[in-house]
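This report concerns only the one structure given below.
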Number of protein chains: 2
Amino acid sequence: MIPVRLIATGKAVPSHSVTSASLDLKLGHPAGYTLRKSGVLSRFVAAPDESQSQLGAAALLDALKNASLRPSDIDLLICACGVPEQALPNTACFVAEHAGLPPGTQSFDVNASCLSFMAAFRVAASMLAGGAYRRIAIVSSDLASRGVDWSEPEASMIFGDGAAAVIVERGDGSAGIRAYKMGTYPEGRRYCEIRGGGTERNPRNGCEPGDYLFRMDGKAVFRLAVKVMPDFLAELMQESGAGLEKVDVVVPHQASPLGLAHAARILDVPDAKIIKIFETHGNQVAASLPTALHEAVMTGRAVTGQRLLMMGTAAGLTIGGMILDL
Amino acid sequence: MIPVRLIATGKAVPSHSVTSASLDLKLGHPAGYTLRKSGVLSRFVAAPDESQSQLGAAALLDALKNASLRPSDIDLLICACGVPEQALPNTACFVAEHAGLPPGTQSFDVNASCLSFMAAFRVAASMLAGGAYRRIAIVSSDLASRGVDWSEPEASMIFGDGAAAVIVERGDGSAGIRAYKMGTYPEGRRYCEIRGGGTERNPRNGCEPGDYLFRMDGKAVFRLAVKVMPDFLAELMQESGAGLEKVDVVVPHQASPLGLAHAARILDVPDAKIIKIFETHGNQVAASLPTALHEAVMTGRAVTGQRLLMMGTAAGLTIGGMILDL
């Protein structure tokens, strides 16, 4: 087991929320269409003057408050977003500024698209184990609304903006990562993408406005995930040394109703053990996992001594699972 | 010390190189202007059909060849670029595809702009220490040419495209990171930036073509770096338990002639110990450090048993230094 203790979680959402009923009106759909298609009752949407890093910093400050800590108590900030705020520099620099971290605090970004938080959590646990860091903050913030194409129902209505943060320490060895598994299947690298924003499509190399919008082949993602997930999960459980019956709470990536239903089906655990915030938040990209984790903690469904399973799929296509003893 | 052994390095550059003399002609400058202003004799520039991830994969395959390893020998790929290939998914997915890593290989990106490689190296060492990974590849690839504004001499002529990779293992404990220090000073977050490419400036939220180009206030970067670097370096050396006289080779980020000259001045080590590839490569963003490291290894200036100092500044502004016993 890799020792790591979850000290606190925090969350932030934009000030504005949008119901599926109001999207029906805005997009000219019949009443009930957006809810039926997306499974989302309402999602948060950032105003033009709200930034991804401000939201991330608000989540970090919430986590610090919940732990009765100050910004100067953080040795390392890992920003774990799906999409950056700018192409350069990395998003942690902006979050550090808004959160008031002391100048000179260590920071970098980790990116595994929607599974950035899980990858960063594994990185943080490794770095804490060495003893050089006392306390690490992980912040995930994503503003999907800045890149959705409202003419594509499947790829737009399911998304919501948001941020969440955790603070972790090494702990006394009683809590930690019991099993961890992540894998990238590049055959799916174009199933979910925003082609612009980097060196591939830009004004210098040729691009069009649509390159900056999110595109998804949901069926292809689902087919690949269904193919690889069962074996993947079996190997994860085997590594953990115990079966699903030992898992107290499941925190899945809130990808889509189809994805959540599939997770529930292959997991075969009581529905009450699965954290679901999709209806009220939508798919918040990399912020989904820590926001769902925050929900689990705040509702008393994830407490010290319990075993938690975190799992999900990400653009890439990347698949990941982690068994965490709290 | 955090045990980690450098098994192999590799490098790739685009097929095309551009001399400063030819830039004088292209941009209408008097003969000698570009060389005098930039300090670069020639830099590599990717053709429109060459991609960042193809270049990164070529560097990784070169490192694998130098280690007599196959893609399937890699347990984890960490992509450590300054700017991504696309906004989504992360660049490692594309590198994994081009390099032929087996589907399901773990991968993610680490980003600390020009110091991404150093941050990823520290992450890799921590992850190897736990024993769950046998061998990690770190790949840095950047195509600065896709984002430079040729009307800005200071911010365009110094850059070059390229990629480099390393393969690391835990080793027997005789080699490793003796000291490591990194810090972000967000007051400098706008000194070097590409504002577009993420959630801040895009066709949805408002942007202009210039937002996708690199902007730099070189004087401001230099002032901040000069202010914080001496104490920073002193603390790094103190952590290493020995002075600069014990350092056999210095691998600085190839930022600019001014930056390299400042590093040489505050270091006070014989010039022959400092790896300089700026004249023939320019500033290759995150690929600079591993490309310079590859040069040090290939020219026999970094061999087993030696002590190496890696250091540099990055957009953010982030400053970093690492003492590595080879």
Side-chain angles (χ1 to χ4, degrees), chain A residues 2 48 51-52 82-90 92-94 96-97 103-113 116 119 123 126-127 129-130 132 143 146-147 182-187 189 192-206 209 212 214 228 314-316 318, chain B residues 2 48 51-52 82-90 92-94 96-97 103-113 119 123 126-127 129-130 132 143 146-147 180 182-187 189 192-206 209 212 214 228 314-316 318:
Chain A
I2 308 154
S51 78
Q52 182 180 354
V83 169
E85 180 153 309
Q86 305 191 167
L88 185 87
N90 55 304
C93 305
F94 300 101
E97 168 71 12
T105 303
Q106 286 194 38
S107 73
F108 58 81
D109 291 14
V110 163
N111 192 327
S113 57
S116 298
V123 165
S126 284
M127 297 186 86
L143 304 185
R146 298 278 163 86
M182 192 173 277
T184 297
Y185 298 83
E187 71 174 277
R189 69 199 178 280
C192 301
E193 62 174 337
I194 300 175
R195 299 196 76 173
T199 57
E200 188 58 18
R201 297 284 182 105
N202 56 36
R204 174 64 43 79
N205 210 40
Y212 295 93
F214 177 74
V228 298
T318 295
Chain B
I2 308 156
S51 78
Q52 182 179 354
V83 169
E85 179 154 311
Q86 305 192 168
L88 185 87
N90 55 305
C93 306
F94 300 101
E97 168 70 11
T105 303
Q106 287 193 35
S107 73
F108 57 81
D109 291 13
V110 163
N111 192 327
S113 58
V123 165
S126 284
M127 297 185 87
L143 304 185
R146 298 279 163 85
Y180 177 92
M182 192 172 278
T184 297
Y185 299 82
E187 71 174 278
R189 69 200 179 282
C192 301
E193 61 173 339
I194 299 175
R195 299 195 76 172
T199 59
E200 188 59 18
R201 297 286 182 102
N202 56 34
R204 173 66 42 78
N205 210 41
Y212 296 94
F214 176 73
V228 298
T318 296

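These numbers were taken from a predicted model, which means no experiment stands behind them. Chain identifiers are assigned alphabetically (A, B, ...) following the order of the sequence lines, protein sequences preceding nucleic acid strands; residue numbering begins at 1 within each chain.
- B/S113 and A/N90 make their closest contact through N-OD1, 3.7 Å (heavy atoms, listed as atom of the first residue, atom of the second, distance).
- The CE atom of B/M182 sits 7.0 Å away from atom CD of A/Q106, with the distance rounded to the nearest 0.5 Å.
- In this structure, OG1 in A/T199 is found 3.5 Å from CD in B/Q52, a value given to the nearest 0.5 Å.
- Top candidate by heavy-atom pairs under 4.5 Å with chain A, chosen from B/G130, B/G196, B/P209, is B/G196.
- When all heavy atoms are compared, the tightest approach of B/F108 to A/A112 is CB-CB, 4.0 Å.
- Between B/M127 and A/V123 the shortest side-chain heavy-atom distance falls below 4.5 Å.
- Using a 4.5 Å cut-off between heavy atoms, B/S107 touches chain A through backbone and side chain atoms alike.
- The two residues B/P186 and A/A96 make their nearest non-hydrogen contact at CG-CB, 3.9 Å.
- Annotation: maximal heavy-atom pairing with chain A below 4.5 Å, among B/G104, B/G198, B/S126, occurs at B/G104.
- In this structure a side-chain-to-backbone donor-acceptor pair under 3.5 Å is missing from B/N202 to A/Y212.
- Across all their heavy atoms, B/E97 and A/E187 have their closest contact at OE1-N, 4.3 Å.
- The candidate from B/A119, B/C93, B/S51 with the greatest count of non-hydrogen atom pairs under 4.5 Å with chain A is B/C93.
- With chain B as partner, the option from A/P48, A/A132, A/S116 having the largest number of non-hydrogen pairs under 4.5 angstrom is A/P48.
- Considering only heavy-atom pairs separated by less than 4.5 Å from chain B, the leading option among A/R189, A/E193, A/E200 is A/R189.
- Proximity to chain A (any heavy atom under 4.5 Å) is shown, for B/L143, by both the backbone and the side chain.
- Of the listed residues (B/A87, B/G183, B/G316, B/G197), the greatest number of heavy-atom pairs within a distance under 4.5 Å of chain A belongs to B/A87.
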